[in-house]
Amino acid sequence: MTQPSFTPKSLSFLRSLKRNNDREWFRARKDDYEHHVRAPMVAVIERLAIDFGRFAPELDASPKRCIYRIYRDTRFSGDKTPLKTQIAASFRWRGLPRGRSAGLYFEVHPQWVWMGGGFYAPETADLVRIREHISDTHPELHRLARASAFRRAFTALEGDRLSRVPRGFSKEDPAEAYLRHRNFLAGREFPPEFATTREFYPTLLATFKAATPLVRFLNEPLVAEKSAADV
């Protein structure tokens, strides 16, 4: 089976878009965007939908729901450029509200390719539940973060951290290093040209396989809470 990937024309379009971030410029070239940028992304996601069935059936891999819109929301931003200069997709946990679950993500940008997973911006209530879960089961998270597949892909669990253990938890908690996380990220970056190579899809798949145990762990307390609420 052919490995899905992007092409040099994908990167060429994104670089041109970065130089010409204008609605009229984009409208005149939207067919090029659909053919050279969006279509390769759809092909990657459709292949992931098959492969997720083997190791992450809980993740949604629908191109319609996974691909981010090209148009930026500029209402509350000082940056009024109308278009995103990357093509990106996120894969969320089925059954959890949009934006309220850990998941997988990758993007192709004119200057890089990024791929990985975790929970970038958990709401306060969700972060508290995740921290309680970490405190109760910290050996499991430590084992996940030290697993050989995880360390080969990511080296370490990353994310913004508090300077001290959050309120409600003891500074003597064995999980204190993890409890200080404000978000939980495992990712890796490549040059943009990597997206055009035969190694791109196998590397993306291996990266997602390595990140999925972390994503599943972070979602466990959120899934449990939703299940209890649905009873």
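For Trp25 and Tyr33, the ring centers are positioned 6.0 Å apart or more.
Below 30°, between 30° and 60°, or above 60°: for Phe208 and Phe52 the angle between ring planes is between 30° and 60°, a tilted geometry.
The shortest side-chain heavy-atom distance between Tyr201 and Asp51 falls under the 4.5 Å cut-off. Side-chain atoms of Arg98 and Arg92, non-hydrogen and from C-beta on, do get closer than 4.5 Å to each other. Under the 4.5 Å side-chain criterion, counting only non-hydrogen atoms from C-beta, Phe190 is not in contact with Leu204. Residues Phe119 and His181 form no side-chain contact, since every pair of their non-hydrogen atoms from C-beta on lies 4.5 Å or further apart. For the pair Ser5 and Arg198, the minimum side-chain heavy-atom distance is 4.5 Å or more. Contact of the Thr203 side chain with the Arg188 side chain is registered, since non-hydrogen atoms from C-beta on lie closer than 4.5 Å. Inter-residue side-chain proximity for Arg47 and Val44 is flagged as unmet; no heavy-atom pair is nearer than 4.5 Å.
Judged purely by atom type and a 3.5 angstrom limit, Arg94 uses its side chain to pair as donor or acceptor with the backbone of Leu59. The backbone N or O of Arg75 sits less than 3.5 Å from a side-chain atom of Asp73, completing a donor-acceptor pair. With hydrogens and angles disregarded, no donor-acceptor distance shorter than 3.5 Å links the side chain of Ser10 to the backbone of Val37. With hydrogens and angles disregarded, a donor-acceptor distance shorter than 3.5 Å links the side chain of Asn183 to the backbone of Asp160. Under the 3.5 Å distance criterion, the side-chain polar atoms of Asn21 are matched with a main-chain donor or acceptor of Leu83.
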Open item on the list: side-chain contact (heavy atoms from CB on, under 4.5 Å) for Glu189 and Phe194? Distances and angles first, verdict last.
Closed with: CA-CA 10 Å; Glu189 188 174 308; Phe194 184 70; over 6 Å; no
- [ ] Let me see the working for Thr74 and Thr81 under side-chain contact (heavy atoms from CB on, under 4.5 Å), right down to the final yes or no.
- [x] CA-CA 8 Å; Thr74 61; Thr81 51; over 6 Å; no
Open item on the list: Run Ser16 and Arg19 through side-chain hydrogen bond (donor to acceptor under 3.5 Å, both in side chains) and show every step you take.
Closed with: CA-CA 5 Å; Ser16 295; Arg19 294 192 301 269; 3.2 Å; yes
- [ ] Quick one: do Thr212 and Phe91 satisfy side-chain contact (heavy atoms from CB on, under 4.5 Å)? Show the steps, please.
- [x] CA-CA 11 Å; Thr212 293; Phe91 305 91; over 6 Å; no
TODO: In sequence, state the C-alpha distance, the side-chain angles, and the governing distance for Phe13 and Thr7, and then conclude on side-chain contact (heavy atoms from CB on, under 4.5 Å).
DONE: CA-CA 10 Å; Phe13 185 92; Thr7 70; over 6 Å; no
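Leu162 and Val128 fall into different hydrophobic clusters, defined by Ile, Leu, Val, Met, Phe, Trp and Tyr side-chain heavy atoms under 4.5 Å apart, directly or through other members. A continuous path of ILVMFWY side-chain contacts below 4.5 Å connects Leu218 to Leu141, so both sit in one hydrophobic cluster. No continuous path of ILVMFWY side-chain contacts below 4.5 Å connects Met115 to Tyr105, so the two sit in separate hydrophobic clusters. Note on Ile134 and Phe154: same hydrophobic cluster, where clusters join Ile, Leu, Val, Met, Phe, Trp and Tyr whose side-chain heavy atoms are under 4.5 Å apart, directly or indirectly. By the criterion of side-chain heavy atoms lying less than 4.5 angstrom apart, applied directly or through intervening Ile, Leu, Val, Met, Phe, Trp or Tyr residues, Phe200 is grouped together with Leu104 in one hydrophobic cluster.
In this structure, Phe169 and Ser135 approach most closely via the heavy-atom pair CE2-CB, 4.1 Å. Of all non-hydrogen atoms in Arg131 and Arg180, the two that sit nearest each other are NH2-O, 4.2 Å. Annotation for Pro40 and Phe6: closest pair CB-CD2, 3.6 Å, computed over non-hydrogen atoms. Listed here is the closest heavy atom pair of Thr85 and Lys18: CG2-CA, 3.7 Å. Looking at every heavy atom in both residues, Val165 comes nearest to Ser170 through CG1-O, 3.7 Å. For Trp114 against Gly117, the heavy-atom pair with the smallest separation is CH2-N, 4.2 Å.
Counting heavy-atom neighbours within 6.0 Å of His138 NE2, excluding the residue itself, gives a total above 12. In Lys80, the NZ atom is crowded: over 12 heavy atoms of neighbouring residues, nucleotides or ligands sit closer than 6.0 Å. A 6.0 Å sphere centred on CG of Asp31 holds no more than 12 heavy atoms belonging to other residues, nucleotides or ligands. Counting heavy-atom neighbours within 6.0 Å of Tyr120 OH, excluding the residue itself, gives a total of 12 or less.
Grouped with Phe76 in a hydrophobic cluster is no other residue, since no side-chain heavy-atom contact under 4.5 Å to another Ile, Leu, Val, Met, Phe, Trp or Tyr is found.
Note that the CE atom of Met41 and the CD atom of Glu34 stand 12.5 Å from one another [nearest 0.5 Å]. Distance CG/Leu222 to CH2/Trp93: 10.5 Å, rounded to 0.5 Å. Remark: His133 NE2 to Glu225 CD distance equals 13.0 Å, nearest 0.5 Å. For the atom pair CD (Gln86) and CD1 (Ile70), the distance works out to 7.5 Å, reported to the nearest 0.5 Å. Atom CZ of residue Phe217 and atom CD1 of residue Ile130 lie 9.0 Å apart, to the nearest 0.5 angstrom. Expressed to the nearest 0.5 Å, how far CD1 of Ile87 lies from CG of Leu17 amounts to 10.5 Å.
For the pair Arg161 and Glu176, the salt-bridge criterion is not met [side-chain N within less than 4.0 Å of a carboxylate O]. Looking at Arg27 and Glu24, a side-chain N of the basic residue comes within less than 4.0 Å of a carboxylate O on the acidic one, giving a salt bridge. Contact check on Glu220 versus Arg216 returns no salt bridge, with no Lys/Arg side-chain nitrogen under 4.0 Å from an Asp/Glu carboxylate oxygen.
Side-chain atoms of Trp112 and Glu107 form a donor-acceptor pair, as typed in the model, at a separation below 3.5 Å. For Ser90 and Tyr68, the side-chain atoms include at least one donor-acceptor pair closer than 3.5 Å. Donor-acceptor pairing under 3.5 Å is lacking for the side chains of Ser101 and Asn219. Ser77 and Asp79 share no donor-acceptor pair across their side chains, judged by distance under 3.5 Å alone. Counting only N and O atoms by type, the side chains of Arg15 and Ser12 include no donor and acceptor under 3.5 Å apart.
In summary, of the residues considered (Val113, Val108, Leu11), a side-chain contact (heavy atoms from CB on, under 4.5 Å) with Thr196 occurs for Leu11 alone.
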